[in-house]
Protein chains: 2
Amino acid sequence: MPKQVDVDEQKRVLFDAVWRLVAREGLEGVSLRTVAAEAGVSMGRVQHYFASKDDLLIYSLQRAYDRMETRILDRLKGREEDEQAALLAILDELLGENAETRDAIRVNVAFAARGQSDPRIMAVVTEGDREIHELAVAVIAAAHAGEAGVDADLEARLLMALASGLGIGVALYGASSVLARQTLDRHLQRVLPGVRI
Amino acid sequence: MPKQVDVDEQKRVLFDAVWRLVAREGLEGVSLRTVAAEAGVSMGRVQHYFASKDDLLIYSLQRAYDRMETRILDRLKGREEDEQAALLAILDELLGENAETRDAIRVNVAFAARGQSDPRIMAVVTEGDREIHELAVAVIAAAHAGEAGVDADLEARLLMALASGLGIGVALYGASSVLARQTLDRHLQRVLPGVRI
DNA sequence: CCTTTTACAATGCGATCGCATTACAACGCG
DNA sequence: CGCGTTGTAATGCGATCGCATTGTAAAAGG
C-alpha cells in the first residue's frame, strides 16, 4: 500500500473551506476553484477527494449537521439524559445567538433552497426533524401531564416553527438575537411553565 | 419620437420569467440567457430594459413584493379598514397555502440569502417589516385592551416569527400546509381570543 | 529493487456566464 | 422624404465554471 494520509482530516479541511465560503458568500460562492483557494490547496486535491461538486456539497451538508449536533451536545455536557435540557439546547441552536450558529442557519437555508430540485439534499436536510419533534412532544406532554386539552403534537410543531422562524429572522433578516431570545422565552413560559425563569 | 412600446409591460414579461425561474430552480437558475429563453425573447431585449443583471434582480424583487401585496389586498376585498382582517390576510400570505404563495416565499428566501452580501437587496427585503409589525401590535393591543401583563410588541414579534417559520417549513422543507394552518390557529386562539373560530 | 497503488498538481476542454459591441428595423418629427 | 431616436437581434470577448486528462512523487508489498 502506498502513501497513507488521514482521509477524514483532508476532507475536513475542505469542508471547513466550504463552510466559510457558504457562510460568507452563500452557496453561489462555492466552486471547486474557490474551495481549493480557500483551503490553500490545489484544485486537483479537491477532485481527488470528491468525485463531483455535488458529492462535495452533500458531504459538507452532512458535516454541517454533525457540527450542529456537536454544539448541542456541548451545551448539554453531562445532562444528556435530561430531555427538557436537551430540547432547550436544540432551541438555543436554532435561535442563532452566536456567529457560528448563524452561519449554520445560513448554510442550512441555502441547502434547503437547493433541495427543492435535488432530492438527495432534501433528504439530508429533513433527516433529523422527526427525532427532534418527538423529543419536543415528550417534553411538552410531560410538562402538561394530567391536563386536558393540550395537544402536545401541535404544541411541539408550534414551538419548533417559532424557534426556526426566530433564528432565520436573526441569521437572514438581521433581527436582534436578544429580542429573539425574549420572544422565545415568552412562549416557553406559556407552553413549558416554570422553565428557565 | 420613435417606436413606442409599453415599457412596464415589457419589464413585466421579463419579471414573470425571472419569477418562474427562481420558483423552479432558485436564484442560481437565473441568467440573462435563461431569462430571455423563458420569456421567449432575445437576450438583447433583456439587456435593453435592464442595464445589468443586478438591476434585473432588484426590479424582480420589488415586483415580487408588489405581487405579495396584491394578493393580500385581494384577500381583503372591501375590508381594507379592518386591521384585524388585514393582519389575518398577511398571515395567510406568510403561511404558503397555495402554490403561488410558496413560490413567493422561496423567491423571498433566495433573495434574503443573497442580501447578506448586497445591501441593496437587504434594504428591499426588510422594507415593509416595520409596517407589518406595527399593524400586528395594534391588533394585539386592541384585543387585550385593559389587560395587564400583555406586551403587544413582544406578542407581535412572536406571531410574525411563528407565521414565517411555518411558511418556510411549508415552502422549503416540505411541511404540510394543513398542519401549518392548524398550528397558527392554535396560537391565534391564545393571542387573539375569539378570532376565526 | 521495483512494481503498483495512492496522492496529489497542472493543464486543457467545452459550456456558460455577464456584458459590450455592432447592425439594423421601426417609427415620429422637421 | 430623410433623419434621428429607440427597440431588438446577433455576435464577440474575457472570465469562470465542472470535469477529464495527464504527469509525477511517494511509499508499501513482492
Side-chain angles (χ1 to χ4, degrees), chain A residues 1-22 24-61 110-111 113-115 117-121, chain B residues 1-22 24-61 110-111 113-115 117-121:
Chain A
M1 300 265 169
K3 182 160 61 164
Q4 285 291 15
V5 298
D6 184 339
V7 174
D8 286 340
E9 167 62 15
Q10 299 285 3
K11 286 191 169 191
R12 197 193 57 78
V13 168
L14 298 178
F15 159 69
D16 281 345
V18 172
W19 173 279
R20 289 194 299 271
L21 283 169
V22 174
R24 191 197 314 145
E25 312 171 31
L27 258 185
E28 77 269 19
V30 177
S31 79
L32 299 184
R33 285 166 178 84
T34 59
V35 169
E38 176 77 25
V41 305
S42 78
M43 186 177 151
R45 188 127 127 214
V46 179
Q47 288 188 280
H48 180 69
Y49 288 103
F50 296 99
S52 72
K53 184 184 178 181
D54 266 20
D55 280 4
L56 171 63
L57 290 181
I58 295 281
Y59 178 87
S60 297
L61 178 56
F111 274 103
R114 176 168 293 222
S117 53
D118 185 335
R120 285 206 304 162
I121 286 181
Chain B
M1 297 266 171
K3 185 158 61 165
Q4 284 292 18
V5 299
D6 185 339
V7 174
D8 286 342
E9 167 62 16
Q10 298 285 1
K11 286 190 169 189
R12 197 193 57 77
V13 169
L14 298 177
F15 159 69
D16 281 344
V18 172
W19 173 279
R20 288 194 298 270
L21 284 169
V22 174
R24 192 196 315 145
E25 311 171 31
L27 258 184
E28 76 269 17
V30 177
S31 79
L32 299 185
R33 286 167 179 81
T34 58
V35 169
E38 176 77 24
V41 305
S42 77
M43 188 178 151
R45 188 126 132 213
V46 180
Q47 287 187 280
H48 180 69
Y49 288 102
F50 296 100
S52 72
K53 183 184 180 181
D54 265 20
D55 280 3
L56 171 63
L57 291 181
I58 295 281
Y59 178 87
S60 298
L61 178 57
F111 274 104
R114 192 183 202 89
S117 53
D118 186 335
R120 286 206 301 163
I121 286 181

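Everything numeric here is computed off the predicted structure, so don't read it as measured data. Order of the sequence lines fixes the chain letters, A, B, ..., with proteins taken first and strands second; residue numbering starts at 1 for each chain.
Atom CG in A:L32 sits roughly 16 Å away from atom P in C:dC8 (whole-Å rounding). Separating the CE atom of B:M43 from the P atom of D:dT8 is a distance of 16 Å, rounded to the nearest angstrom. Residue A:L27 contributes atom CG, which lies 12 Å from atom P of D:dG18 at whole-angstrom precision. Residue B:L57 contributes atom CG, which lies 14 Å from atom C1' of C:dC19 at whole-angstrom precision. Distance, B:E9 CD to D:dG7 P: 14 Å, rounded to whole Å. Taking atom NE2 on B:H48 and atom C1' on C:dC19, their separation rounds to 16 Å, with Å as the unit. Across the protein-nucleic acid pair, B:Q10 atom CD and D:dA9 atom C1' stand 14 Å apart, rounded to whole Å. We find that CZ of B:R45 is positioned 5 Å from P of D:dA9, with the value rounded to whole Å.
Applying the ring pair (Phe, Tyr, Trp, His ring centres under 6.0 Å) rule to pairs touching residues 27-58 of chain B yields B:F50-B:Y59, sequence neighbours excluded.
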Do A:V41 and A:L14 pass the side chain to side chain contact (heavy atoms under 4.5 Å, CB included) test, and can you show the C-alpha distance, the side-chain angles, and the key distance before you say yes or no? CA-CA 9 Å; A:V41 305; A:L14 298 178; 4.0 Å; yes

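In this structure the side chain of B:R24 reaches within 4.5 angstrom of the side chain of B:E38, judged on heavy atoms. Residues A:V46 and A:K53 are not in side-chain contact: their nearest non-hydrogen atoms beyond the backbone lie 4.5 Å or more apart.
For D:dC17, the OP1/OP2 oxygens have a side-chain nitrogen or oxygen of A:S31 closer than 4.0 Å. For C:dG18, the OP1/OP2 oxygens have no side-chain nitrogen or oxygen of B:S52 closer than 4.0 Å.
Interface remark: the B:R33 side chain does form a donor-acceptor pair with the C:dG18 base, using a distance-only criterion of under 3.5 Å.
In this structure, B:V30 reaches the sugar-phosphate backbone alone: every heavy-atom distance under 4.0 Å involves primed, P, OP1 or OP2 atoms, never a base. Residue B:Q47 is in base contact, counting any heavy-atom pair closer than 4.0 Å across all strands shown.
Comparing B:Y49 and A:T34, the nucleotide of DNA chain D nearest to each residue sits closer to the 5' end for B:Y49.
With salt bridges taken as basic N to acidic carboxylate O contacts below 4.0 Å, none links B:D16 and B:R20.
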